[in-house]
Protein chains: 2
Amino acid sequence: MIVYEGLTSDEVDRIFRALADATRRDILRRTMAAEASVSRLAAAYDMSFAAVQKHVAVLDEAGLVTKQPRGRERIIRGNPETIRKAQDLLDRYEEIWRCRIDQLDALLAED
Amino acid sequence: MIVYEGLTSDEVDRIFRALADATRRDILRRTMAAEASVSRLAAAYDMSFAAVQKHVAVLDEAGLVTKQPRGRERIIRGNPETIRKAQDLLDRYEEIWRCRIDQLDALLAED
DNA sequence: TTCATATACAATCATTTGGTTGTACGTTAG
DNA sequence: CTAACGTACAACCAAATGATTGTATATGAA
């Protein structure tokens, strides 16, 4: 069931859910600035490697980062394309609001 | 602990978490287009009134809608201000990415 | 006043989430 | 080859989420 921007409702769920955690947002920030391996990322946080690994998986399943094998490492990179899709979704809500205001203005202008 | 745009990390959590559910996004869409009471909203979904009431509460706590008493009803309106804040947050990630690309370009230009 | 409506809120329950530890496997360095 | 490193994944646990039903309270209409 396609909803918008070629995204299903579940995919949108995953994107916003992935963004709803401070650790994941920080991982996203880091990997947008520079690629990093999972273990490199894990070193930055006060939690187990497996926990960070899971956070990366959530971001990956949302399409917010990509995971590319390189030797024994997995290189994580932020994916600006999905960020853009999220922005487009938010734009729609603003647009809906503007339409309402325009209608109100039109109504008032009838006087 | 202020993070950005006058929002704490918890507040950002709440905004994205609230957006990570199709029913809540639909409530947001409706209330951005036109104000509605909780019972009016509840009539639109195949779930209990209490469930919809909870979804509205999640949106309210995130600041994505406002709840204003009017008689025995509560009038719900979408709040474009918080949508804008979420957009600003996403803008930052794109900006971080652009900086990385600029640095790469600069590096390549050194030849 | 009386009754229906709109909301609030508590208790409950199944599922998901965010974390842990432990084990296994592939890869690189010595 | 062996040892260390990086990752994958399963099992487990506490807490949060998304839904339910039931009860209480306030408002509006008759």
Side-chain angles (χ1 to χ4, degrees), chain A residues 1 8-31 34-78, chain B residues 1 8-31 34-78:
Chain A
M1 178 208 17
T8 67
S9 183
D10 283 353
E11 286 167 341
V12 178
D13 285 4
R14 267 180 244 130
I15 292 171
F16 286 124
R17 169 157 276 310
L19 289 168
D21 179 279
T23 301
R24 286 196 291 263
R25 285 194 301 274
D26 197 67
I27 291 173
L28 181 59
R29 184 184 60 73
R30 283 173 190 268
T31 56
E35 62 179 38
S37 69
V38 182
S39 55
R40 182 107 165 67
L41 289 170
Y45 306 99
D46 186 26
M47 67 181 75
S48 69
F49 172 83
V52 174
Q53 204 177 20
K54 279 191 187 178
H55 281 307
V56 170
V58 170
L59 287 165
D60 186 26
E61 280 152 30
L64 284 165
V65 303
T66 61
K67 203 196 258 189
Q68 181 194 1
R70 190 162 72 195
R72 61 184 162 184
E73 298 184 330
R74 299 293 179 274
I75 303 304
I76 311 302
R77 292 188 185 83
Chain B
M1 178 211 13
T8 66
S9 183
D10 284 353
E11 285 168 342
V12 178
D13 285 4
R14 267 179 243 131
I15 292 172
F16 286 123
R17 174 139 245 336
L19 289 168
D21 179 279
T23 302
R24 285 196 292 263
R25 287 193 301 273
D26 197 67
I27 291 173
L28 182 58
R29 184 184 59 73
R30 285 173 189 269
T31 56
E35 63 179 40
S37 69
V38 181
S39 55
R40 181 109 166 66
L41 289 170
Y45 305 100
D46 186 27
M47 66 182 75
S48 68
F49 173 83
V52 174
Q53 204 178 22
K54 279 193 189 179
H55 281 307
V56 170
V58 170
L59 288 164
D60 186 26
E61 280 153 30
L64 284 164
V65 303
T66 61
K67 203 197 257 188
Q68 182 194 0
R70 191 162 71 195
R72 60 184 163 184
E73 297 185 329
R74 299 294 178 275
I75 303 303
I76 311 301
R77 293 188 185 84

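For the numbers below, each heavy atom of this structure counts, side chains included, while hydrogens, waters and symmetry mates do not. Predicted model only: the values in this text are computed from it and were never measured.
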task: Classify every nucleotide of nucleotides 16-26 of chain D by which part a protein heavy atom approaches to under 4.0 Å, writing B for the base, S for the sugar-phosphate alone and - for neither, in 5'-to-3' order.
output: -SSBBB-----
task: Please report the closest heavy-atom contact between B:Asp13 and A:Ala22, naming both atoms and the distance.
output: OD1-N, 3.7 Å
- request: Please state how far atom CD1 in B:Ile76 lies from atom C1' in C:dT7, giving the value in whole angstrom units.
  value: 10 Å
- prompt: Is the shortest side-chain N/O distance from A:Gln53 to OP1 or OP2 of D:dC9 below 4.0 Å?
  reply: no
statement: Here the distance between atom P of C:dT27 and atom CD of A:Gln68, to the nearest Å, is 15 Å
message: Using whole Å, what does the distance between atom P of nucleotide C:dA6 and atom CD of B:Glu35 come to?
response: 15 Å
field: Interatomic spacing from OG1 in A:Thr31 to CD1 in A:Ile75 - rounded to 0.5 Å
entry: 11.5 Å
- line: When rounded to whole Å, the NZ to P distance for the pair B:Lys67 and C:dA6 reads 16 Å
- line: Output for pair (B:Leu28 CG, B:Asp21 CG), nearest 0.5 Å, gives 11.5 Å
- line: Result for side chain to side chain contact (heavy atoms under 4.5 Å, CB included) between A:Ile76 and one of A:Thr66, A:Leu59, A:Val56 points to A:Val56
- prompt: Roughly how many Å is it from CG in A:Asp13 to P in C:dT15, rounded to a whole number?
  reply: 18 Å
query: Could you state the CZ-C1' distance from B:Arg70 to C:dT7, rounded to the nearest angstrom?
result: 15 Å
task: Ignoring backbone atoms, establish whether A:Arg40 has a side-chain N or O less than 4.0 Å from OP1 or OP2 of D:dG6.
output: no
- prompt: How long is the span from the CZ atom in A:Arg30 to the OH atom in A:Tyr45, to the nearest 0.5 Å?
  reply: 4.0 Å
query: Quick one: B:Leu41 CG to C:dT7 C1', roughly how many Å, whole number?
result: 13 Å
message: Test: salt bridge (charged side-chain N to carboxylate O under 4.0 Å, His left out). Region: residues 51-70 of chain A. Which pairs qualify, not counting sequence neighbours?
response: A:Glu35-A:Arg70
query: Could you give the CZ-to-C1' distance, from B:Arg74 to D:dG28, as a whole number of Å?
result: 13 Å
